[in-house]
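Presented below is the structure to which this report refers.
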Amino acid sequence: MAKLKVAGTWGGIIEVELENWTLNMLREEIAKRSGLDPESIKLICAGKILKDVGGDATKTLTQLGIKENSKILSSREAAPEEGKSIMAEEERSRRLSRVKAAATALSKRHADGSLPIEDYNIELEDQGGHKVQFGTETDQSAAMMGLMLHTKAKNLIEMEMFSDAVEVLAMAEESFLLCDPKILELVDNIPMMELDIVWCYFLLRDLKCLSDAGVRLERARKGLERAHGKDLSRVRLLQVGQSPELALYLRLELLEGVVAYHTGQYDKALNALKSAHAKFLQLQIPDETLSLVMGMGFHEKDAKRALRLNNQDILSSVDFLIEEKAKRAQKREDNLQRQKEIHEQKKYGVTPMNKAVDMQMLDRLVSIGYARDLAAESLRRNENDFQKALDTLTNPEVNSKIQAYIESRKRKRQEQQVGVAIDELVSMGFERGRATIALEAGGNREDIIQRLLSEANAASSTNIGGVESSVGAQGNTSNAIDGGAEQDTEMKDETTDEIENQGSTSSDGGEEERDAEIEDEIAKEIGQVDALSAYDINLDREIEAINEYLCMLDPSQQEKVVEKE
């Protein structure tokens, strides 16, 4: 008997008869020990793949050149379909990682006020549509990330990508847990997230998660009671008598009934499902009522939402729709205002602690009578401390140095812009000296290019000499600017670096690479959410499930369902 050393899908020593064993026999023995299908195993020896074709399968191991103590590598060869599945899983994993990274980046920039101008102004609202105030930046960043991931998961559920949704919901849960629980008690995002996780379990028909589903539903009910008040008193107060929560509690009771059924608690299941069914009937909207509201110029989806929230009262529903339209218009206006503020903040750079300039503090200093850019620079240098910034501005010597620094910064910025324009013209094929002269002469981009083209044929050595002189003069001007900047002894190196990287308030100086595709996707989804979006549930799947389980629990109910059909 000879010994072969095997590594790969299974590792160890195999004793064989080299003169009698074939490749098939060796493959079957390794498959038996590794627990794999023999046809999925590929064997390699001395850099050569041992194949079943060409007679290798029936040849003895000796004939194949395998000797005592030969090393055999055993690898698993995926079938084409399995290979595609593996690639799809890897792609799915990469995309989920991108979603988490994008949400992290967005929430981080939102927390420090550095969201770029094109991004949405993201806020967390309570059931009354009022902005939730956060105690710390950590709380704000964690809650924002949780909110974004939860919204992304809801969109995945709508796309019937339930497995992906569960993973994104788990990410959202991790984020929310980093936030102060007292803040989260003001909103119902956490219990809704618990409910969404169990809803995904149900849609996946994953009975293995029954125990987890039961715990989550219990937490969801307690969380909703805490956020909505006992007997929904808080919701009624905030929503001025409206009933936005019916569809949400319908889903909760359905899932409670399903879990109770699969754990043998049939009476509890029956009661929960009947209650869910009653809520479903309450939410049905007569065609005539819907037509009346739509006839006033409202879309079907908006009309249905309004009628459900207002117990099908037409006048209240119309008032609600008009008010919601006004709210959306105001929100758009507020977003534009916030984006303008962010754009302005980016001009002023960041503090030594990498924070954006506080716009409220800036407005206070401006109201006293200080120039806006002067006040902003003072706040930036003093970490947004209003009193220290005011003391700096009232010190004539320091005030003068800051003004000199601001003027120096403006000249540098203009110089940089000219430098970019020159580089652009050079890239078109024009000489750098001529491009510099053309820019100094002024005019728009088209005028400058046309001037350079018309002068190209008339170029002379005299002009070239003049250009060299001009370039030299430009260098002297630059040195003079640098010298003027050096006069401000209070300027620090890190401040200069921040100004050179204007527009970024991220902790890495703006060098972080953005995943624009995923970030824009998340921002767009967030922009479509309002305080009542979570209550606006399509109930088609719910009523199917209610009827299915009621039929299994109550034969008399089955007869009613059949008659109805």
Nearest non-hydrogen partners of [X] and [Y], listed with the distance:
| X | Y | result |
| --- | --- | --- |
| Cys200 | Ala165 | SG-CB, 3.9 Å |
| Ala220 | Pro191 | O-CB, 3.4 Å |
| Pro38 | Arg27 | O-CD, 2.8 Å |
| Ile537 | Arg308 | O-NH1, 3.3 Å |
| Gly257 | Ala269 | O-CB, 3.3 Å |
| Ala356 | Gln345 | CB-NE2, 3.8 Å |

Would you check if [X] and [Y] make a side-chain contact, meaning some heavy-atom pair closer than 4.5 Å?
| X | Y | answer |
| --- | --- | --- |
| Leu178 | Glu174 | no |
| Asn155 | Met161 | no |
| Lys71 | Cys45 | no |
| Met1 | Val16 | no |
| Asn189 | Met193 | no |
| Gln282 | Leu250 | no |
| Leu106 | Ile522 | yes |
| Lys5 | Ile13 | yes |

Flag, side chain of [X] to backbone of [Y], donor-acceptor distance under 3.5 Å:
| X | Y | value |
| --- | --- | --- |
| Arg380 | Val350 | yes |
| Ser275 | Asn271 | no |
| Glu542 | Leu254 | no |
| Arg216 | Leu195 | no |
| Thr22 | Thr60 | no |
| Asn384 | Val357 | no |
| Thr263 | Val259 | yes |

Show the numbers, then the answer: is there a side chain to side chain contact (heavy atoms under 4.5 Å, CB included) between Ile72 and Ile66? CA-CA 9 Å; Ile72 307 293; Ile66 298 175; 4.2 Å; yes
Looking at [X] and [Y], does any basic side-chain N land under 4.0 Å from a carboxylate oxygen?
| X | Y | result |
| --- | --- | --- |
| Glu194 | Arg221 | no |
| Glu548 | Arg205 | yes |
| Glu300 | Arg305 | no |
| Glu253 | Lys279 | yes |
| Arg98 | Glu517 | yes |
| Lys222 | Glu218 | yes |
| Lys154 | Glu525 | no |

What do the steps show when you test Arg541 against Trp199 for side chain to side chain contact (heavy atoms under 4.5 Å, CB included), and what is the final call? CA-CA 11 Å; Arg541 288 180 181 271; Trp199 182 238; 4.0 Å; yes
Using distance alone, with no hydrogens and no angle criterion, decide if His150 and Asp196 have a side-chain donor and acceptor under 3.5 Å apart.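 Yes.
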Passes side chain to side chain contact (heavy atoms under 4.5 Å, CB included), Tyr249 versus Arg251? Steps please. CA-CA 5 Å; Tyr249 281 88; Arg251 180 177 287 182; over 6 Å; no
Given the options Leu156, Leu149, Asp164, Ile197, Leu169 meets side chain to side chain contact (heavy atoms under 4.5 Å, CB included) only with Ile197
Asp267, CG atom: more than 12 neighbouring heavy atoms under 6.0 Å: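 Incorrect, the count does not exceed 12.
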Measure the spacing between [atom1] of [X] and [atom2] of [Y] and express it to the nearest 0.5 Å.
| X | Y | atom1 | atom2 | answer |
| --- | --- | --- | --- | --- |
| Phe280 | Ile543 | CZ | CD1 | 4.0 Å |
| Met145 | Met171 | CE | CE | 8.0 Å |
| Ile41 | Leu43 | CD1 | CG | 7.0 Å |
| Asp302 | Lys304 | CG | NZ | 11.5 Å |
| Leu36 | Ile30 | CG | CD1 | 10.5 Å |
| Gln265 | Leu270 | CD | CG | 13.0 Å |

Are the aromatic ring centres of Phe202 and His262 under 6.0 angstrom apart?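 For Phe202 and His262, the ring centres are not under 6.0 Å apart.
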Hey, mind stepping through Glu28 and Lys32 against salt bridge (charged side-chain N to carboxylate O under 4.0 Å, His left out) and telling me if it holds? CA-CA 6 Å; Glu28 288 175 2; Lys32 186 193 304 180; over 6 Å; no
Evaluate side chain to side chain contact (heavy atoms under 4.5 Å, CB included) for Met552 paired with Tyr549, printing each intermediate quantity in order. CA-CA 5 Å; Met552 292 188 290; Tyr549 279 87; 3.4 Å; yes
